[in-house]
A.B. asks: 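First the structure, then my questions, so here it is.
We name chains A, B, ... by the order of the sequence lines, and we start the count at 1 in each one.
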Amino acid sequence: MKEVRTRFAPSPTGFMHVGNLRTALYEYLIAKSQGGKFVLRIEDTDQERLVEGATDVIYRTLEEVGLTHDEGPDVGGPYGPYVQSARKDLYLPYAKQLIEEGKAYYCFCSKERLESLHDANGIGGYDRHCRDLPEEEVKRLLESGTPWVIRQKMPLEGSTTFTDAVFGEITIENCELEDQILIKSDGYPTYNFANVIDDHLMHITHVVRGCEYLTSTPKYNLLYEAFGWDVPTYVHLPLIMGRNEDGSVSKLSKRHGATGFADLVEAGYLPEAIVNYIALLGWAPKDSTQELFTLDELTKAFRIDGISKSPAVFDYEKLTWMNGEYLKKMPQDVYIRHAMPYFKEVFGEAEKDWTVLAEMLQPRVLKLPEIPGLLGFFKALPEYGSDLFVNKKSKATLENAPVMLKAAIEDLSQVEDWRVPVLHDNLLQLAQTLGVKNGTLLWPVRIAAAGQKVTPGGAMEILALLGKEESLRRLQLGLQKLETAAQ
RNA sequence: GGCCCGGUCGUCAAGCGGUUAAGACACCGCCCUUUCACGGCGGGUUCAUGGGUUCGAAUCCCAUCCGGGUCACCA
C-alpha cells in the first residue's frame, strides 16, 4: 500500500487561526494514524501579503502543540524546496505545457475590465474574452509587452463529479466553473495552481482542507486530469463557526473573540487543552465517551469516517472546562512552575508555601490567569462590611462572631508551629471546647482573615499563608469591626 | 441571486431500518463540605416541518423551511 502523505500548507500571515490549526491537526492525525508522513509547505505566493517573521509563528505553533512535521523548509526532505516562492520558476513550464495542449490560454484583460464584469453585489465572473484570441494577436500582444495572465480552459458543458472522503459524491456543472487564473501577472502561480503542482510533486495522497473549497474542487480535478496525474483523496472539513451577537453563526473570526492560537494561549489556555478541544470539533472517536486525549491517544483513535459533515460552533466554555481538567491532572511541581508567574504577581519576591497554594488552587482554577484575582486579598485586606460575618448554614451571627474571634485569637496566639495541620487541630479542638459546630467558629475566622465571602481555600490554609503576625492582626481588626458595629 | 453542503438537547456529539435516543459542556435541584468551588446523586416533550417507502424511520426518498459556504491576479 502506498504511504499516506498529508501536508499542512499555510500562508505566512503571522496569525494561526484555530481553524487552520485544526486542519493541521487532522492532517497530522490522518498521516500518523496510518504510519504516514506529515509535510509542511509554506504558501507565500501572494507577495502583497507577506508578513515579516510569519513563518516563525508557524514553526513555533506547530512545535508548541507537538505537531512535528517530517518534511518542511526547516527540516528539509526529498521533495524540496518547501517554500513556494523558492519554487517560483517551476510552475510556469507546467502552465505553458497546458497552453500548447490547448488547455489554457493567455489573457490580456486589464483589472479594470475584469472589475466592470462584476454586478452590483460584486458577483459575476470572467467572460472568457481572451479564450479564443487568434494566435497572431496573442503573439503581438506578448511582444508588445502587454501584461498577461494564464487561464485554464474549463469545459463549457457537462459536469464534473468527485468523491470526498467525508461528504461523499459531489457533482458540479462545468458551466459553473470559471476559467481560473493559473499564473498571475507578477509571474507567481495562484494558490490553486501551485497547490495542484506541489501536491503532485510532493506525492501528497490526502488533500485535507476546510470545506469552503468544496465547490472549487472540480477545478483541481480538471487540472489533475489535464496533466494525466492521479487525483488525491479529498478530505473536506466542516467549518468552525462563531456565535454572533445577534445569535446567528458564521465562520469563526476575530469578532467572536480569541481565535488565534497565540490569543488563546495568552488568554490562559494550555496548548494541550486547545489541541484536545479542537480535535473534538468536527470529529468524534468510535468510543465516543472519551473526551480527554493526548496527541498520542488521538493518533491511535483517529479515523477519517469519524469526521462530521455539519459545522461546529466553537464553545469557549467547554474549552475552559477542559483546560481546568488539564490543570488538575498536572503533577504539583509542574503546576507550581506554570502558576509561578501569577504567584509572583501577587506576592512579589516573597517566599510562600507554594505547596499550600497549589493545593488550594489546583482543584478549582480553570485558567491560570484567574489566580491573581483569587489571591488579591492576601496582599491587602479588602474593605468589607460586618454583615459578611453572618451565615445561616454555619450558624454564624453578629452575636456569636465576636466571641468566636476572641477565643480564636487567644488560642492561636499560643501556636508556635504555624502550619496547616497544626492550625487545623487547634481550631477543631477549640470548636469542641466551645461546644459549637466547626462552621460557627471557622466562618468568622475565615471572613476576618480574608475580608471576602468567597475564597479559594478554607480558614486554615489562609491563616497559614498569611503568617502568624498578619493573621492575628486581621482577626483583631475583624473583632473591632464587630464591636463597633454592635454599638 | 446561481451553485454546493448541512440540519439529533442552548453547545459539542453517538446513532447507519427495531435503542427507555448514549456521553460531555452549560443550566437547575439535592447531598457532602469551614465559604465559593471540587466531588457525588438526580433533572430536561432534542431527532427542523410536511409528505411518502416500510410490519416498523432520527436513520431511506421527495418537497418545504432554516442555516452555512462559494462565486478574486486571497489563500
A.B. asks: Report the distance from atom CG of A:N276 to atom CD of A:E291, rounding to the nearest 0.5 Å.
C.D. replies: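 Rounded to the nearest 0.5 Å, the CG-CD separation comes to 8.5 Å.
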
A.B. asks: Taking ring pair (Phe, Tyr, Trp, His ring centres under 6.0 Å) as the cut-off, I'd like each qualifying pair that reaches into residues 172-193 of chain A, sequence neighbours left out, listed once.
C.D. replies: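 Listed once each, the pairs are A:Y191-A:Y213.
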
A.B. asks: Determine the Euclidean distance between corresponding P atoms of B:A22 and B:G43; express it in Å to zero decimal places.
C.D. replies: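 The same atom, P, in both gives a distance of 11 Å.
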
A.B. asks: Establish whether the base of B:C73 is bridged to the side chain of A:S185 by a donor-acceptor pair shorter than 3.5 Å.
C.D. replies: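 Such a pair is found, so the answer is yes.
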
A.B. asks: If you measure from the C1' atom in B:G39 to the same atom in B:C32, how many Å do you get, rounded?
C.D. replies: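 Approximately 8 Å lies between the C1' atom of B:G39 and that of B:C32.
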
A.B. asks: To the nearest 0.5 Å, how far apart are NZ in A:K219 and CD1 in A:I172?
C.D. replies: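 A:K219 NZ to A:I172 CD1: 10.0 Å, rounded to 0.5 Å.
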
A.B. asks: Will you find, in the side chains of A:E157 and A:N174, an N or O donor that is under 3.5 Å from an N or O acceptor?
C.D. replies: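 No, because no side-chain N or O of A:E157 sits under 3.5 Å from a partner of the opposite role on A:N174.
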
A.B. asks: Determine the interatomic distance between C1' on B:U45 and the same-named atom on B:G10; round to the nearest Å.
C.D. replies: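 That atom pair is separated by 16 Å.
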
A.B. asks: Closest-nucleotide mapping onto RNA chain B: is A:I172 or A:L366 further toward the 5' terminus? I mean the 5' end.
C.D. replies: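 First, find each residue's nearest nucleotide; the 5'-ward one identifies A:I172.
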
A.B. asks: How many angstroms lie between atom NZ of A:K318 and atom CG of A:N323, to the nearest 0.5 angstrom?
C.D. replies: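 So the NZ of A:K318 and the CG of A:N323 are separated by 14.0 Å.
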
A.B. asks: Check whether any side-chain N or O of A:T45 sits under 4.0 Å from OP1 or OP2 of B:A75, and answer yes or no.
C.D. replies: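 For B:A75, OP1 or OP2 has a side-chain N or O of A:T45 closer than 4.0 Å.
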
A.B. asks: With no hydrogens and no angle check, do the side chains of A:E43 and A:N195 hold a donor and an acceptor under 3.5 Å apart?
C.D. replies: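 Result is yes, a qualifying pair exists.
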
A.B. asks: Can you tell me which nucleotide in B:A72, B:C25, B:C73 comes closest to the side chain of A:L114?
C.D. replies: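 So the side chain of A:L114 is nearest to B:C73.
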
A.B. asks: Taking B:G6 as the reference, what is the distance to B:G18 when you measure between their C1' atoms (whole Å, please)?
C.D. replies: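 Going atom to atom, C1' in each nucleotide, I get 27 Å.
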
A.B. asks: With both distances under 3.5 Å as the test, what is the Watson-Crick or G-U wobble partner of B:G39?
C.D. replies: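 B:C31 - that is the nucleotide pairing with B:G39, both distances being under 3.5 Å.
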
A.B. asks: Find the partner of B:C47: check Watson-Crick (N1-N3 plus N6-O4 or O6-N4) and G-U wobble (N1-O2, O6-N3) distances, both under 3.5 Å, and reply none if neither fits.
C.D. replies: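 Partner of B:C47: none found under 3.5 Å.
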
A.B. asks: Across all strands, who's sitting opposite B:C71 as a Watson-Crick or G-U wobble pair, both distances under 3.5 Å?
C.D. replies: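 Because both required distances fall under 3.5 Å, B:C71 counts as paired with B:G1.
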
A.B. asks: Suppose you measure atom P in B:G7 against the same atom in B:C47; what distance do you get, rounded to whole Å?
C.D. replies: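 After rounding to an integer number of Å, I get 15 Å for this pair.
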
A.B. asks: Choose from B:G67, B:U34, B:G23 the nucleotide whose nearest atom is closest to any side-chain atom of A:T289.
C.D. replies: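 The closest nucleotide is B:G23.
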
A.B. asks: Using atom CD1 of A:I58 as one end and atom P of B:A75 as the other, report the distance to the nearest whole Å.
C.D. replies: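 Rounded to the whole Å, the gap is 14 Å.
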
A.B. asks: Roughly how many Å is it from CG in A:D186 to P in B:C73, rounded to a whole number?
C.D. replies: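 To the nearest whole Å, that distance equals 12 Å.
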
A.B. asks: Name the closest nucleotide to the A:N438 side chain, picking from B:U34, B:A75, B:C5.
C.D. replies: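 Nearest nucleotide to the side chain: B:U34.
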
A.B. asks: Does the structure show a Watson-Crick or G-U wobble partner for B:A24, both distances under 3.5 Å? Name it, or say none.
C.D. replies: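 Because both required distances fall under 3.5 Å, B:A24 counts as paired with B:U11.
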
A.B. asks: Verify whether one side chain among A:T23 and A:N20 offers a donor that lies under 3.5 Å from an acceptor in the other.
C.D. replies: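 Side chains of A:T23 and A:N20: no pair found under 3.5 Å.
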
A.B. asks: Listed by chain and number, what are the side-chain hydrogen bond (donor to acceptor under 3.5 Å, both in side chains) partners of A:E470, not counting sequence neighbours?
C.D. replies: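 Partners of A:E470 by the side-chain hydrogen bond (donor to acceptor under 3.5 Å, both in side chains) criterion, ordered by chain and then number, come out as A:R473, A:R474.
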
A.B. asks: Separation of A:Q432 atom CD from B:U34 atom P, in whole Å?
C.D. replies: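 One finds 14 Å between P of B:U34 and CD of A:Q432, rounded.
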
A.B. asks: In whole Å, measure the gap between the C1' atoms of B:C36 and B:U46 for me.
C.D. replies: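 B:C36 and B:U46 have their C1' atoms separated by 33 Å.
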
A.B. asks: Kindly indicate whether a cation-pi arrangement holds for A:R128 with A:Y126, taking the cut-offs as under 6.0 Å to the six-membered ring centre and within 45° of the axis.
C.D. replies: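 No; the conditions do not both hold, so A:R128 does not lie above the ring face of A:Y126.
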
A.B. asks: Closest-nucleotide mapping onto RNA chain B: is A:E43 or A:L319 further toward the 5' terminus? I mean the 5' end.
C.D. replies: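 Looking at RNA chain B, the more 5' nearest nucleotide goes with A:L319.
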
A.B. asks: List every contact pair, protein side and nucleotides 11-17 of chain B side both N or O, where the distance is under 3.5 Å.
C.D. replies:
from	atom 1	to	atom 2	distance (Å)
B:C12	OP1	A:V313	N	3.0
B:C12	O2'	A:L280	O	3.1
B:A13	OP1	A:G282	N	2.6

A.B. asks: Measure distances between side-chain N and O atoms of A:Y213 and base N and O atoms of B:A75, and say whether any donor-acceptor pair falls under 3.5 Å.
C.D. replies: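 Checked by distance alone, the answer is yes.
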
A.B. asks: A cation-pi test, strictly: NZ or CZ of A:K328 under 6.0 Å from the centre of the six-membered ring of A:Y335 and no more than 45 degrees from its axis. Yes or no?
C.D. replies: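 Relative to the ring axis of A:Y335, which defines the angle, A:K328 lies outside at least one limit.
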
A.B. asks: Return a single string for nucleotides 35-41 of chain B, one symbol per nucleotide in 5' to 3' order, where B is base contact, S is sugar-phosphate-only contact and - is none, cutoff 4.0 angstrom on heavy atoms.
C.D. replies: BBBS---

A.B. asks: Once you round it to whole Å, what is the distance between C1' of B:U34 and CG of A:N400?
C.D. replies: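 Going from CG in A:N400 over to C1' in B:U34 covers 14 Å.
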
A.B. asks: Side chain of A:M241 only, heavy atoms from C-beta on: which candidate in B:G2, B:G68, B:A72 is closest?
C.D. replies: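 Ranking B:G2, B:G68, B:A72 by closest atom to the A:M241 side chain puts B:G68 first.
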
A.B. asks: Pick the C1' atom in B:G42 and in B:C60, then give their distance to the nearest Å.
C.D. replies: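 Those two atoms are separated by 38 Å.
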
A.B. asks: Return all side-chain donor-acceptor pairs below 3.5 angstrom for residues 445-460 of chain A, not counting sequence neighbours, or 'none' if the list is empty.
C.D. replies:
from	atom 1	to	atom 2	distance (Å)
A:R446	NH1	A:K453	O	2.9
A:R446	NH1	A:T455	OG1	2.8
A:R446	NH2	A:K453	O	2.9
A:Q452	NE2	A:V454	O	3.0
A:T455	OG1	A:G457	O	2.8

A.B. asks: Taking B:C31 as the reference, what is the distance to B:G68 when you measure between their C1' atoms (whole Å, please)?
C.D. replies: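 Approximately 45 Å lies between the C1' atom of B:G68 and that of B:C31.
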
A.B. asks: Using a heavy-atom cut-off of 4.0 Å across all strands, would you classify A:V445 as base, sugar-phosphate, or nothing?
C.D. replies: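 Here A:V445 touches no strand at all.
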
A.B. asks: Just to be sure I understand the rule, does A:C175 reach a base, reach only the sugar-phosphate, or reach nothing, if contact means heavy atoms closer than 4.0 Å?
C.D. replies: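 Touches nothing.
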
A.B. asks: Does B:G6 have a Watson-Crick or wobble partner in any strand here, with both distances under 3.5 angstrom, and which is it?
C.D. replies: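 Matched B:G6 with B:C66 under the 3.5 Å cut-off.
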
A.B. asks: Let's see if you can work this out: which of B:C5, B:C73, B:G68 has an atom nearest to the side-chain heavy atoms of A:L239?
C.D. replies: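 The answer is B:G68, which lies nearest to the side chain.
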
A.B. asks: Does a nitrogen or oxygen in the side chain of A:K251 sit under 4.0 Å from OP1 or OP2 of B:U70?
C.D. replies: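 Yes, A:K251 has a side-chain N/O under 4.0 Å of OP1/OP2 on B:U70.
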
A.B. asks: List for me each residue that meets ring pair (Phe, Tyr, Trp, His ring centres under 6.0 Å) alongside A:Y277, sequence neighbours excluded, and say none if there are none.
C.D. replies: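 By the ring pair (Phe, Tyr, Trp, His ring centres under 6.0 Å) rule, A:Y277 matches A:F314.
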
